[in-house]
There are 2 protein chains.
Amino acid sequence: METAFRLVDSEGVEALSMRALAREAGVSSAAPFRHFADKQLLLQAVAEKASTELQRKLDDASDDRQDALTQFRAMTVAYVRFAAEHPKLFQLLQQTPSVSGAFLGELNDERRLKLIALIYEGQNAGLIPDADPELIALSSEALTHGLARMIVDRHPRVRDLSSEDARKLALAATQLLQSGIGLS
Amino acid sequence: METAFRLVDSEGVEALSMRALAREAGVSSAAPFRHFADKQLLLQAVAEKASTELQRKLDDASDDRQDALTQFRAMTVAYVRFAAEHPKLFQLLQQTPSVSGAFLGELNDERRLKLIALIYEGQNAGLIPDADPELIALSSEALTHGLARMIVDRHPRVRDLSSEDARKLALAATQLLQSGIGLS
DNA sequence: ACCGACATGTTAGCGATGCTTACTTACGGG
DNA sequence: CCCGTAAGTAAGCATCGCTAACATGTCGGT
């Protein structure tokens with residue numbers, strides 16, 4: 001299992017075969033099936049581990065002593081950084097429906113609700129235009145997710161970003177969304 | 001080849017085997033290798049076809065009689081709609097490095113340059129804050145790409161979108177980016 | 001009309017893969 | 001002590017990507 005996690009992280013999902021995994025772990029080809037009925041279940045387990053790791057980083061970023069906006073920015077940065085540092089795991093995480101569903105659905109609800117609450121607050125204070133708060137939340141998620149995907153998809157302009165560059169970029173982009181690019 | 005395109009579009013990349021493809025086309029298992037030396041080359045060809053199709057839709061969206069901003073919005077919408085209508089092809093397109101590199105690199109340069117020119121224009125007119133135009137362009141690409149990926153990754157809040165819903169969402173999100181969500 | 005080049009297809013087979021079955025262990029609690 | 005369970009093994013199945021050797025049809029040139 002740990003072998004699988006390591007292999008996926010370094011080589012990528014498609015490079016992982018049950019037999020190669022068994023060889024790497026020094027056991028016979030059939031041994032892994034004692035622990036996972038299926039290759040899909042193995043990958044799901046790996047994805048779940050990656051998911052909890054990402055979740056932990058997001059929790060670390062969300063420091064309750066900071067104001068909500070700062071927290072949100074920190075979470076955005078953490079999300080993009082994780083993608084930059086563990087692209088293979090991030091990719092697996094997204095393409096594992098059960099995990100990505102649970103992760104983006106349940107777990108992220110918390111984050112989204114916090115964000116929406118913040119948006120309401122901002123609107124009442126007149127700081128935010130009266131657009132649909134759901135839409136605003138979705139858009140900032142899309143921006144964050146898009147940045148992360150552009151990095152793991154090795155989009156020409158953002159490939160091979162250092163973790164520090166990823167931090168800066170995520171920060172700049174979220175600030176930009178908040179201020180708006182201002183086209184009429 | 002057309003069989004391959006059809007199968008990938010409907011079933012997805014991982015569901016395609018050379019042998020199944022040959023069966024579907026009514027020929028022997030080895031026949032496809034007369035046309036493509038490699039499975040990867042086959043997928044690359046399919047990805048290229050998908051890429052030109054997307055490119056064509058983007059060109060259609062970019063009507064020179066409209067102003068640049070309208071064109072940019074239309075292209076964003078077309079991009080997201082393509083992802084919503086052909087998620088499997090979109091996915092293949094992204095994960096085929098040569099194609100995605102060429103597509104996002106060379107071909108998209110045109111689009112990006114147009115956008116950057118527009119941003120300069122807006123900044124000179126005082127409509128756009130004096131942020132780095134490259135950053136602004138990158139952010140809007142990220143927003144668009146993120147929206148598209150959230151749809152093909154079946155993110156809970158945007159899954160199974162009709163093409164019309166995708167249009168509305170893309171439009172709303174880009175307008176939002178332009179006006180800014182306005183958080184201090 | 002013939003012949004050779006070429007595109008296209010065929011059959012058979014290699015090694016690797018995911019996965020199953022039937023069989024050994026090894027160990028820990030009753 | 002012994003027996004059930006967890007873990008591993010060996011062997012084999014179907015399928016996969018891919019290769020090699022051979023067949024066939026359709027050309028254009030002579």
Side-chain angles (χ1 to χ4, degrees), chain A residues 1-52 87-102 153-154, chain B residues 1-52 87-102 153-154:
Chain A
M1 164 74 209
E2 292 116 16
T3 308
F5 188 82
R6 218 185 50 238
L7 283 181
V8 171
D9 191 10
S10 60
E11 313 282 343
V13 200
E14 63 280 355
L16 182 80
S17 81
M18 295 302 257
R19 293 172 118 108
L21 164 65
R23 275 192 299 271
E24 186 79 12
V27 294
S28 73
S29 330
F33 292 95
R34 287 286 144 192
H35 305 270
F36 302 94
D38 218 72
K39 187 182 185 180
Q40 221 182 34
L41 287 179
L42 205 209
L43 290 179
Q44 194 170 320
V46 171
E48 266 159 30
K49 184 169 174 184
S51 170
T52 66
K88 310 290 188 179
L89 289 177
F90 184 82
Q91 220 162 349
L92 171 62
L93 205 137
Q94 301 292 339
Q95 77 188 77
T96 307
S98 62
V99 173
S100 107
D153 290 343
R154 304 184 61 74
Chain B
M1 164 72 208
E2 291 116 18
T3 307
F5 188 83
R6 218 185 52 238
L7 283 181
V8 170
D9 191 9
S10 60
E11 313 281 343
V13 200
E14 63 282 353
L16 181 80
S17 82
M18 294 302 256
R19 294 172 117 108
L21 163 64
R23 275 193 298 271
E24 186 78 12
V27 293
S28 74
S29 331
F33 291 95
R34 287 287 147 194
H35 304 270
F36 302 94
D38 218 72
K39 185 183 186 180
Q40 222 182 31
L41 288 179
L42 205 210
L43 291 179
Q44 194 169 317
V46 172
E48 266 159 29
K49 183 168 175 184
S51 170
T52 67
K88 310 288 188 180
L89 289 177
F90 184 81
Q91 221 163 351
L92 171 62
L93 204 137
Q94 301 291 339
Q95 77 188 76
T96 306
S98 63
V99 175
S100 108
D153 291 342
R154 303 184 62 73

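At D:dC16, one or more side-chain N or O atoms of B:Ser17 fall inside 4.0 Å of OP1 or OP2 (strictly under the cut-off). In this model, the phosphate group of D:dA6 is not approached by any side-chain N or O of A:His35 to a distance below 4.0 Å at OP1 or OP2.
Rounded to an integer number of Å, the gap from CE of A:Met18 to C1' of D:dC13 is 17 Å. Here the P atom of nucleotide D:dC18 and the CD atom of B:Gln40 are 9 Å apart, to the nearest Å. C:dT10 atom P lies 13 Å from atom CZ of B:Phe33, rounded to whole Å. In this entry the distance linking CZ of A:Arg19 with C1' of D:dC16 reads 12 Å, nearest Å. Between A:Asp38 atom CG and C:dG18 atom P there is a gap of 11 Å when expressed in whole angstrom units. In this structure, the CZ atom of B:Arg34 is 11 Å from the P atom of D:dA20, given to the nearest Å. Distance B:Leu42 CG to D:dC18 P: 10 Å, rounded to the nearest Å. For the pair B:Leu43 CG and D:dC16 C1', the computed distance is 14 Å after rounding to whole Å.
With rounding to the nearest 0.5 angstrom, the CZ atom of B:Arg34 is 9.5 Å from the OG atom of B:Ser28. Here the CG atom belonging to B:Leu43 is positioned 9.5 Å from the CZ atom belonging to B:Phe36, to the nearest 0.5 angstrom.
Side-chain N or O atoms of B:Lys39 include one that pairs as donor or acceptor with a backbone N or O of B:Leu16 at under 3.5 Å.
Counting only heavy atoms from C-beta on, B:Ala31 has its side chain closest to C:dG9 among C:dG9, D:dC18, D:dG8. Distances were taken from every side-chain heavy atom of B:Val27 (C-beta onward) to each of C:dT10, D:dT19, C:dC19; the shortest belongs to C:dT10. Closest to the A:Arg23 side chain, of the nucleotides C:dT17, D:dA21, D:dG17, is C:dT17.
Residues B:Ala30 and A:Ser29 each lie close to DNA chain C; by heavy-atom proximity, the contact nearer the 5' end of the strand is made by B:Ala30.
When all heavy atoms are compared, the tightest approach of A:Ala4 to A:Leu21 is N-CD1, 3.5 Å. Considering all non-hydrogen atoms of both residues, A:Ser51 and A:Val99 come closest at CB-CG1, 3.7 Å.
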